[in-house]
Amino acid sequence: MSASAAPPVVAVGLLLRNRTVVVVGAGRVGVAKIEKFLSAGAQVRVIAPTAESLVHTWAAEGWVEWRGRAFEASDLDGAFL
């Protein structure tokens with residue numbers, strides 16, 4: 001492999017039901033990740049100073065925990081992923 005080649009991606013199957021997953025960022029890409037984790041039954045913790053309106057809705061409805069600020073190492077406390 002040359003130094004400029006991108007590293008390979010490995011698909012992994014994880015059971016996420018009732019496990020805490022942290023997503024840093026709540027823009028378009030973050031929303032797509034959050035949707036996948038929610039569909040897997042994860043408890044999603046979102047860390048982002050600003051968020052798409054859908055994240056606001058999910059937080060208001062109790063589907064995600066949104067921390068409206070920059071990431072801190074303690075945000076990973078108790079998280080599985």
For [X] against [Y], the heavy-atom pair lying closest together:
X	Y	result
Val22	Ala79	CG2-CB, 3.7 Å
Asp75	Arg67	OD1-NH1, 2.8 Å
Ala26	Ala51	CB-CB, 3.5 Å

(message) Nearest 0.5 Å, please: how far is CZ in Arg17 from CD in Gln43?
(response)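 The CZ atom of Arg17 is 11.0 Å from CD of Gln43, to the nearest 0.5 Å.
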
(message) To the nearest 0.5 Å, what is the distance between OG1 on Thr20 and CG on Leu76?
(response)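 If we round to the nearest 0.5 Å, Thr20:OG1 and Leu76:CG are 11.0 Å apart.
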
(message) Other members of the hydrophobic cluster containing Trp58, with the 4.5 Å side-chain heavy-atom rule, please.
(response)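 Members besides Trp58, by chain and number: Val10, Val12, Leu14, Leu16, Val21, Val23, Val31, Ile34, Phe37, Leu38, Val44, Val46, Leu54, Val55, Trp63, Val64, Trp66, Phe80, Leu81.
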
(request) Could you note down all residue pairs passing salt bridge (charged side-chain N to carboxylate O under 4.0 Å, His left out) where residues 22-51 supplies at least one of them, sequence neighbours left out? (result)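 Applying salt bridge (charged side-chain N to carboxylate O under 4.0 Å, His left out) to every pair that reaches into residues 22-51, excluding sequence neighbours, yields Arg45-Glu65.
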
